[in-house]
Amino acid sequence: MALTTARMKFYIDVKRCIECGGCEVACKNENNVPQGIARIRVVTVNEGQPGETNIAVPCMHCSKAPCVAVCPVDALYHRPDGIVHVNKETCIGCGYCLYACPFGAPQFPKESAFGARGVMDKCTYCAGGPDEPFSEKERRSYGSNRIAEGKLPMCASVCSTKALIAGDAEEVAKVVRARVAARGSGGGAWGWETAYPAGPRF
Amino acid sequence: MPPQMPSLEQLEPIILVTSKWGASFHIPWYLFLGGMAGGTLLIAALADLLGAKHERYQALSRIAAYITLPITIVGGLALTFHLGKPERGILFPLFMSNYRSWLTIGGWIIAAFFPLAVAYAVLWYFRTGRAPRLIVAILSIPAGIGMALYTGFLISGTWSIPGGYWFSPLWDTRYIPVLFLISGLSTGLAGCGLVALAVDHFRPSGVLRRELGGASETAGTLSLLDTLVIIAEGSWIYLMLAAFAAGDVGQKLVYGVLTKGDLAPWFWWGVIALALALPFLASLVEVLLVKVIRVPADWLLYVKFVMVLVGGLLLRYVIVWGGEIRKPLPFPPFNVY
């Protein structure tokens with residue numbers, strides 16, 4: 001078997017999420033996320049109505065990422081393993097990615113009185129940043145680097161119902177297929193047709 | 001049960017927005033001032049070129065060139081300081097490398113626009129000959145149109161996204177840039193008219209008085225032109241809304257929020273009434289007073305121009321706030337499982 005680079009992906013199964021908020025807390029604790037910022041957030045749809053559904057929304061690390069396309073300074077980029085990273089040293093904090101992203105992943109912690117917002121902060125897939133792995137600078141700017149340690153993102157590690165699964169796209173797809181087969185119906189991924197349409201809009 | 005129109009607060013938790021463009025004054029004011037600056041520079045150039053033969057409209061060109069400069073500077077400052085790192089934004093030729101992004105293209109449009117605006121004002125101030133001014137005027141036409149159009153393209157950056165997919169249905173590349181160009185022209189005319197009226201009213205002594213002697217007549221011409229532009233703007237907004245009303249899920253949502261939902265008071269009173277209907281009405285009354293009853297009605301022109309300016313600003317606010325409305329990511333329907 002030829003060795004190919006993994007494409008790291010998240011999979012969130014809305015039929016399994018119980019809105020415990022474990023992923024939110026684990027993420028904040030692991031990455032020292034700035035106040036007011038949620039790199040992953042559990043969203044509830046149709047709350048209090050029949051068919052109430054919950055879903056955790058991190059950065060989806062899209063293969064064709066709209067944020068990467070619109071960033072004027074190329075602060076957003078794909079790592080070889082498909083993880084979308086932001087370089088906080090080059091980000092100018094314009095907020096354009098916020099409007100391009102269908103999931104609302106980019107957020108802007110305000111750090112100083114200068115400027116209307118801070119530089120962009122988002123889910124790093126627990127893979128740190130462009131700085132040297134395990135360095136103090138990386139830890140302060142981006143949080144932990146569990147991928148370099150050979151571990152999975154913290155949110156996926158703590159998910160009690162395995163609604164949130166992370167890893168190589170091939171392995172994740174196997175889990176989805178197994179669940180679809182067991183249920184006899186859809187994979188429970190959220191908004192896929194809208195966020196990743198088959199063809200161009202125009 | 002008829003579908004309920006969701007309020008913006010209800011849409012909020014899904015889109016996880018913590019730092020919107022509409023949350024501070026910077027971006028709406030930049031879009032307003034940038035569009036207006038594009039309009040005024042265009043007016044300065046066109047007045048200069050069209051009046052070249054008979055020395056007409058020269059006072060208008062001068063007013064327009066003068067007011068372009070402060071508008072551009074204030075708008076540019078608003079744009080720069082909305083950034084998280086303004087110091088990196090100012091050095092954009094060094095940092096901005098993604099030439100597929102409208103922000104980068106717009107940075108260069110402003111970089112071309114600003115020296116032209118400065119040059120035009122300086123050439124008028126020092127009254128150098130016609131020849132250098134005409135060169136600047138010819139260059140200013142594409143720069144002015146580009147500036148006003150860019151403010152629209154900035155917030156509808158569809159084409160830079162793979163597959164051309166954009167999740168803010170209101171920020172539609174097909175409607176917003178042209179709307180902002182028309183509105184920029186309208187507010188530019190109103191700004192020029194307001195300054196012409198004020199100069200005429202206060203009669204400053206010296207050079208300005210001689211140059212702008214016929215400012216009151218100029219304001220009348222500007223008011224007429226503005227009325228024509230307002231009709232075009234109203235038609236364009238009607239086209240846009242008609243397309244949204246017949247569009248996909250996200251566009252229908254935008255149509256609902258604009259006309260019946262949270263943004264409806266701002267849209268109907270701010271945009272439709274202040275920017276379009278009331279100025280049009282003011283023009284009709286003004287014509288009636290001046291032409292039929294024969295009483296001077298300069299105060300009505302003041303009111304009209306101020307309404308157009310405030311309406312233009314509120315249009316930018318409505319469009320920026322409306323950008324928070326995302327195309328809903330449909331949840332898996334219950335019957336699938």
Side-chain angles (χ1 to χ4, degrees), chain A residues 14-15 36-38 41 43-46 50-51 53 55 57 64-66 68-74 90-96 98-111 114-120 183 185-186 188-197 199-202, chain B residues 13-21 23-27 80-89 92 95-107 154-155 157-168 171 173-174 249-250 323-324 326-334 336-337:
Chain A
V14 298
K15 299 308 282 182
I37 300 298
R41 188 179 296 182
V43 171
T44 305
V45 176
N46 296 332
T53 322
I55 182 163
V57 187
K64 288 182 173 182
V68 175
V70 300
C71 180
V73 292
D74 285 324
T90 49
C91 174
I92 59 172
C94 66
Y96 211 18
L98 167 68
Y99 287 95
C101 176
F103 299 104
Q107 295 166 66
F108 297 84
K110 196 165 175 351
E111 288 150 353
F114 204 48
R117 59 177 75 75
V119 294
M120 199 262 262
R183 262 181 223 151
S185 65
W190 174 59
W192 238 239
E193 300 82 4
T194 312
Y196 304 112
R201 181 174 163 210
F202 298 128
Chain B
I14 301 176
I15 57 178
L16 308 180
V17 172
T18 56
S19 196
K20 314 164 204 176
W21 282 353
S24 66
F25 71 92
H26 299 83
I27 286 289
T80 306
F81 283 94
H82 99 277
L83 296 175
K85 291 281 175 194
E87 70 276 19
R88 294 179 192 163
F92 75 91
F95 288 106
M96 295 199 180
S97 48
N98 182 2
Y99 281 88
R100 286 170 58 86
S101 171
W102 268 108
L103 233 120
T104 311
I105 300 166
L154 168 68
I155 62 165
T158 314
W159 70 279
S160 65
I161 294 184
Y165 210 69
W166 185 248
F167 300 96
S168 299
W171 293 0
T173 326
R174 292 165 291 187
V249 188
E324 308 302 335
R326 299 307 178 88
K327 182 170 181 164
L329 303 182
F331 229 60
F334 316 125
V336 170
Y337 297 95

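Just so we're on the same page: letters track the sequence lines, and every chain starts at 1.
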>> One pair to check against side-chain contact (heavy atoms from CB on, under 4.5 Å): B/E324 and A/Y99. What are the steps and the verdict?
In response: CA-CA 8 Å; B/E324 308 302 335; A/Y99 287 95; 2.9 Å; yes
> Taking B/R326 for the side chain and A/G104 for the main chain, is one N or O donor matched with an acceptor at less than 3.5 Å?
Replying inline: no
>> Could you check whether any side-chain N or O of B/N98 sits under 3.5 Å from a backbone N or O of A/D74, counting only pairs where one atom can act as donor and the other as acceptor?
In response: no
> Looking at B/I155, B/L103, B/T104, which one has more heavy-atom pairs under 4.5 Å with chain A than the rest?
Replying inline: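 It is B/L103.
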>> Please identify, among A/P72, A/C71, A/A69, the residue contributing the most non-hydrogen atom pairs under 4.5 Å to chain B.
In response: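 Of A/P72, A/C71, A/A69, A/P72 has the most heavy-atom pairs under 4.5 Å with chain B.
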> Pick from A/V73, A/V68, A/T90: which one has the most heavy-atom pairs with chain B under 4.5 Å?
Replying inline: A/V73
>> Classify the ring geometry of A/Y96 against B/W21: parallel below 30°, tilted from 30° to 60°, perpendicular beyond 60°.
In response: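 Aromatic pair A/Y96/B/W21 classed parallel.
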> Any idea which heavy atoms bring B/F167 and A/A100 closest together, and the distance?
Replying inline: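 Shortest heavy-atom separation between B/F167 and A/A100 comes out as CD1-O, 3.2 Å.
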>> Using every non-hydrogen atom in the two residues, find where A/I92 and B/R88 come nearest and quote the distance to one decimal.
In response: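 Looking at all heavy atoms of both residues, the closest pair is CG2-CB, 3.4 Å.
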>> Report which part of B/L154 has an atom under 4.5 Å of a heavy atom belonging to chain A: side chain, backbone, both, or neither.
In response: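 Looking at B/L154, backbone and side chain both touch chain A.
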> Can you check side-chain contact (heavy atoms from CB on, under 4.5 Å) on A/C94 and B/K85, steps first, answer last?
Replying inline: CA-CA 8 Å; A/C94 66; B/K85 291 281 175 194; over 6 Å; no
